[in-house]
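Working notes, structure below.
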Amino acid sequence: MGNEGLYSDEKVCSSMKFEVVATKGKARAGVLTLPHGTVETPVFMPVGTLATVKAITQRELGELGAQIILNNAFHLYLRPGVEIVKAAGGVHRFQNWKRPILTDSGGFQVFSLAKLRKITDDGVHFQSPVDGSKHFFTPESVIELEEGLGPDIAMVLDDVVANPATHEQAALAMRRSVAWAQRAANYRSRDDQAVFGIVQGGLYEDLRIESAQSTVQIGFDGYAIGGLSVGEKPEEMYPMVDTCCRVLPAEKPRYLMGVGTPRDLREAVASGVDMFDCVLPTRLARHGVAVTEEGNLNLVNARHKTDFGPVDVHCECPTCREYSRAYLHHLIKCREILASRLLTYHNIHFYLSLMRSLRADIMAG
RNA sequence: GCACGGGUGGCCGAGUGGCUAAUGGCGUCAGACUGUAAAUCUGAUCUCUUCGGAGUACGGCGGUUCGAAUCCGUCCCCGUGCA
């Protein structure tokens, strides 16, 4: 049962399994089995930071075919607090989502909160962006938090630096991330929850290789590529993704965190990435932008005022089948909440369809 | 008819002699957004311009003043009260 680790002392999740079922070049199609169901990869995970994919319901997410969603442990720790989620019976019951859930640790939030934090080798001190209260996270306390929340996959606490960073800064954060990953691995206690390590190293190939090797040596159920799309150009990001995929073991899922644009997804899948998450489709939707094959369509623009055609003639989602650009433009101008809902539905549909077509292409050989 | 109050840029609304092409807000136009402190944020928004400026603007007309959205006269319009 479960995956056998490369190292005898490696802790694994006994109820997680990952199988690569087809490859095309470096791209892979796989099946990821988790406590709450199976996930066909490559997969896009809609972001539901606060236990909600903003603007749409869990029922709608199910209809869209979302296989796994992402929550954020850091945000759920602040509100409503782990005790309430526990009392509800865990993150799945709390939000009534029966399929798999991955929780991000909060490493990225600590990174983006900039002035409100202080990172030491021991952990990270930060002030709550909600009420200013002071908190301290360690690799151990974050694992404890995530084991309390109960997602299928937990991410370790990592140290993220903004690009561009110097080699020294990137190395420091990367080695700290490795040390923290080791502590998280030592501390984890649930064998029904997968834990993923995170590769760092900024835009330096040598650091990415070192990070991937060190993290793999610790042994995790899957491996994430972190610290990308934080200020660098796509042309700088893609080689890093490719390098990481080259070093990471083929038999474990690879997750590119926080990425990205449709182009980013295609490129990264081609390099061998299996999992993605990104706020773009949902955030752009709330900002009036529809993602299409032809690129982003800003429906707030006046040119759509009398355009009674659909957002995307090729799209089969209800938003495109039932409503016009002119109507969506009108809803956006009036700040009607339905605009956010319809566009979120469309954008998630676009992302999930894109991933399904990329998978089908790999399956076809 | 009389007495007060008021008429400011697409709208609302500050401003009561020069620092005012005129604070704000709304609207409008555009841009940004990649492990969500984000249904958010940023910029532009009188006209023309060789980007140095120039012109026209605070109900109309006239006046005072070196200088007026700001003071005076008069006319028009709106609100409230009294006849």
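So that the names make sense, note that chain A is the first sequence line, chain B the second, and so on, each numbered from 1.
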**OP:** Look at the side chain of Thr282(A) against the base of U36(B) and say whether a donor-acceptor pair falls under 3.5 Å; ignore hydrogens and angles.
**Re:** yes
Original post:
Is there a donor on the side chain of Arg286(A) or the base of U36(B) sitting less than 3.5 Å from an acceptor on the other?
Top reply: yes
Is the distance from OP1 or OP2 of [N] to the nearest side-chain N or O of [X] less than 4.0 Å?
{"X": "Ser229(A)", "N": "U34(B)", "value": "no"}
{"X": "Asn71(A)", "N": "U36(B)", "value": "no"}
{"X": "Asn72(A)", "N": "U36(B)", "value": "yes"}
{"X": "Asn298(A)", "N": "G31(B)", "value": "yes"}
{"X": "Gln109(A)", "N": "G35(B)", "value": "no"}
{"X": "Ser105(A)", "N": "G35(B)", "value": "no"}
{"X": "Asn301(A)", "N": "C29(B)", "value": "no"}

Do [X] and [Y] make a side-chain contact, defined as non-hydrogen atoms from C-beta onward lying under 4.5 Å apart?
{"X": "Val247(A)", "Y": "Arg208(A)", "result": "no"}
{"X": "Tyr351(A)", "Y": "Leu265(A)", "result": "yes"}
{"X": "Met355(A)", "Y": "Phe276(A)", "result": "yes"}
{"X": "Leu354(A)", "Y": "Pro262(A)", "result": "yes"}
{"X": "Met240(A)", "Y": "Leu203(A)", "result": "yes"}

Which nucleotide, in any strand shown, forms a Watson-Crick or G-U wobble pair with [N], with both distances under 3.5 Å?
{"N": "G15(B)", "result": "U8(B)"}
{"N": "G52(B)", "result": "none"}
{"N": "U45(B)", "result": "G27(B)"}
{"N": "U80(B)", "result": "A3(B)"}
{"N": "U20(B)", "result": "none"}
{"N": "C61(B)", "result": "G73(B)"}
{"N": "G35(B)", "result": "none"}

What is the distance, rounded to the nearest whole Å, between atom [atom1] of [X] and atom [atom2] of [N]?
{"X": "Arg283(A)", "N": "U40(B)", "atom1": "CZ", "atom2": "P", "value": "12 Å"}
{"X": "Leu102(A)", "N": "U36(B)", "atom1": "CG", "atom2": "P", "value": "10 Å"}
{"X": "Phe108(A)", "N": "A38(B)", "atom1": "CZ", "atom2": "P", "value": "13 Å"}
{"X": "His304(A)", "N": "C29(B)", "atom1": "NE2", "atom2": "C1'", "value": "14 Å"}
{"X": "Leu50(A)", "N": "A37(B)", "atom1": "CG", "atom2": "P", "value": "9 Å"}
{"X": "Leu280(A)", "N": "A39(B)", "atom1": "CG", "atom2": "C1'", "value": "16 Å"}
{"X": "Leu299(A)", "N": "A30(B)", "atom1": "CG", "atom2": "P", "value": "12 Å"}
{"X": "Leu297(A)", "N": "C33(B)", "atom1": "CG", "atom2": "P", "value": "16 Å"}

Which is true for [X] with a 4.0 Å heavy-atom rule: it touches a base, it touches only sugar-phosphate, or it touches nothing?
{"X": "Asp277(A)", "answer": "sugar-phosphate"}
{"X": "Val130(A)", "answer": "nothing"}
{"X": "Gly288(A)", "answer": "nothing"}

When you get a sec, tell me which of [options] is the closest nucleotide to the side chain of [X]?
{"X": "His287(A)", "options": "A30(B), A37(B), U40(B)", "value": "U40(B)"}
{"X": "Leu113(A)", "options": "G35(B), U36(B), A37(B)", "value": "A37(B)"}
{"X": "Val160(A)", "options": "A37(B), G35(B), U34(B)", "value": "G35(B)"}
{"X": "Ala302(A)", "options": "U40(B), C29(B), G35(B)", "value": "C29(B)"}

If we take the [atom1] atom in both [N] and [M], what is their distance in whole Å?
{"N": "G6(B)", "M": "A83(B)", "atom1": "P", "value": "24 Å"}
{"N": "U65(B)", "M": "G1(B)", "atom1": "C1'", "value": "36 Å"}
{"N": "A14(B)", "M": "C71(B)", "atom1": "P", "value": "16 Å"}
{"N": "G9(B)", "M": "C46(B)", "atom1": "P", "value": "13 Å"}
{"N": "C61(B)", "M": "A69(B)", "atom1": "P", "value": "13 Å"}
{"N": "A38(B)", "M": "G55(B)", "atom1": "C1'", "value": "43 Å"}
{"N": "U20(B)", "M": "U70(B)", "atom1": "C1'", "value": "11 Å"}
{"N": "C29(B)", "M": "G13(B)", "atom1": "P", "value": "24 Å"}

**OP:** Could you pull out all residues at least two apart from Tyr238(A) that satisfy side chain to side chain contact (heavy atoms under 4.5 Å, CB included)?
**Re:** Pro234(A), Arg263(A), Asp264(A), Glu267(A)
**OP:** Identify, residue by residue, the members of residues 323-340 of chain A with a heavy atom below 4.0 Å from RNA chain B, and return them in order of residue number, or none.
**Re:** Lys333(A), Arg335(A), Ile337(A)
Between [X] and [Y], what is the shortest heavy-atom contact and its length?
{"X": "Ile198(A)", "Y": "Met155(A)", "result": "CG1-CE, 3.7 Å"}
{"X": "Ile362(A)", "Y": "Arg28(A)", "result": "CD1-O, 3.4 Å"}
{"X": "Asp221(A)", "Y": "Met16(A)", "result": "O-CE, 3.1 Å"}

Original post:
Between the side chains of Asn347(A) and Thr344(A), does any donor sit under 3.5 Å from an acceptor?
Top reply: no
**OP:** If the glycosidic angle is within 90 degrees of 0 it's syn, otherwise anti, so just tell me which one G52(B) is.
**Re:** syn
Subject >> Partner of Tyr77(A) under side-chain hydrogen bond (donor to acceptor under 3.5 Å, both in side chains), chosen from His135(A), Gln109(A), Glu146(A) >> reply: His135(A)
